[in-house]
Amino acid sequence: MGLFLEEFEIGRALTTRARTIGEGDITLFAGLAGDHNPLHVDEGFAREAGFAGRIAHGPMTLGMAIGLVSQLNLIDGTAIALLEVTWSFAAPVNIGDTVHARVTPMDARPSRTHPDRGVLTLAIEVLNQRGTAVQTGKIILMMRRRAG
């Protein structure tokens, strides 16, 4: 079970485990999302466009970052809804890159209308194996509060 709203320590950064991006990840995401942009599925095209090779879909990496945060046992079972995502894509993620996320609770406030819920803002930074921030953003979640 994840943390309840009151249990988050505002400003305390936590680091997730790392995950290596594989060719299969990109292929599966392209099929799932229907996004077959040649930057993701055509090695020659991606190289001609100036990349080192095929690159991961930005939303795929965003989703993986939220999954890595979830694996810290912060939000599983206590998050009720994803309310907002604000995200920036700073650098490509290549096949073979290993990414991890740094998550920092920025704000937690009780709901004005539902005493059993609150709103949590998390800042997330996705870093590759070289420590380069490839994506940054924030997510706002509706969270459960402790009964009582």
Check: Thr16 side chain, Ala101 main-chain N or O, donor-acceptor pair, under 3.5 Å: yes

Are Leu83 and Ile75 co-members of a hydrophobic cluster defined by side-chain heavy atoms under 4.5 Å apart? no

Which residues pass the side chain to side chain contact (heavy atoms under 4.5 Å, CB included) test with Thr121, sequence neighbours left out? Met106, Asp107, Lys138, Ile140

With Arg17 via side chain to side chain donor-acceptor pair (under 3.5 Å) - residues at least two apart: Gln71

Hits for side chain to side chain contact (heavy atoms under 4.5 Å, CB included) against Ile95, two or more places apart or cross-chain, chain-then-number order -> Glu23, Ile26, Arg54

Name the one of Ile21, Val69, Val99 that satisfies side-chain contact (heavy atoms from CB on, under 4.5 Å) with Met64? Ile21

Considering non-hydrogen atoms only, spot the tightest contact between Gly53 and Asn94 and give its length. O-OD1, 4.3 Å

Closest non-hydrogen atoms of Leu74 and Phe8, given as atom of the first, atom of the second and distance, are O-CZ, 3.4 Å

Just jot down the salt bridge (charged side-chain N to carboxylate O under 4.0 Å, His left out) partners of Glu6, sequence neighbours excluded, or say none. Arg145

Take Ile66 and Leu62 through the test side-chain contact (heavy atoms from CB on, under 4.5 Å) and record every step on the way to the result. CA-CA 6 Å; Ile66 293 174; Leu62 162 71; 4.3 Å; yes

What pairs of residues pass the ring-ring contact (aromatic ring centres under 6.0 Å, His included) test when at least one of them lies in residues 31-55, not counting sequence neighbours? His40-His57

Ignoring hydrogens, what is the shortest heavy-atom contact between Thr104 and Ala13? Give both atom names and the distance. OG1-CB, 3.4 Å

Could you state whether Val85 and Met143 fall into the same hydrophobic cluster, counting links through intermediate Ile, Leu, Val, Met, Phe, Trp or Tyr residues with side-chain heavy atoms under 4.5 angstrom apart? yes

Which residues satisfy the side chain to side chain contact (heavy atoms under 4.5 Å, CB included) test with Ile80, sequence neighbours excluded? Arg117, Met142, Arg144

Pairwise salt bridge (Lys or Arg N to Asp or Glu O under 4.0 Å) hits with a residue in residues 67-80, at least two apart: none

Distance alone, cut at 3.5 Å: any donor-acceptor contact between the side chains of Thr98 and Thr20? yes

Which pairs with one or both residues in residues 118-130 pass salt bridge (Lys or Arg N to Asp or Glu O under 4.0 Å), sequence neighbours excluded? Arg102-Glu125

Start with the C-alpha distance between Val126 and Trp87, add both sets of side-chain angles, then the distance that settles side-chain contact (heavy atoms from CB on, under 4.5 Å), and finish with yes or no. CA-CA 11 Å; Val126 182; Trp87 212 254; 4.0 Å; yes

Looking at every non-hydrogen atom in both residues, tell me the closest pair between Ala49 and Leu39 and how far apart they are. CB-CD2, 3.8 Å

Which residues satisfy the side chain to side chain donor-acceptor pair (under 3.5 Å) test with Asp97, sequence neighbours excluded? Gln129

Answer with yes or no whether the hydrophobic clustering places Phe4 together with Ile139; edges join I, L, V, M, F, W, Y residues whose side-chain heavy atoms lie under 4.5 Å apart. no

Residues Arg19 and Asp25 bridged, charged N to O under 4.0 Å: yes

Under 4.5 Å between side-chain heavy atoms, counting indirect links through other Ile/Leu/Val/Met/Phe/Trp/Tyr residues: same cluster for Leu120 and Leu3 or not? yes

Mind checking side chain to side chain contact (heavy atoms under 4.5 Å, CB included) for Ala33 and listing every partner two or more places apart, or none if nothing turns up? Phe29, Asp35

Heavy-atom closest pair (Ala108 atom, Leu5 atom, distance to 0.1 Å) is CB-CD1, 3.5 Å

Any donor-acceptor pair under 3.5 Å from Asp116 side chain to Arg146 backbone: no

Cluster overlap Val41 with Met60, hydrophobic side-chain contacts below 4.5 Å: no

Would you please name every residue forming a side chain to side chain donor-acceptor pair (under 3.5 Å) with Thr132, sequence neighbours left out? none

Search all heavy atoms of Thr61 against all heavy atoms of Ala56 and return the closest pair with its distance. OG1-CB, 3.9 Å

Worked check of side-chain contact (heavy atoms from CB on, under 4.5 Å) between Leu141 and Leu122: CA-CA 8 Å; Leu141 300 165; Leu122 297 175; 4.0 Å; yes

Mind checking what makes side chain to side chain donor-acceptor pair (under 3.5 Å) contact with Glu84, not counting sequence neighbours? Thr86

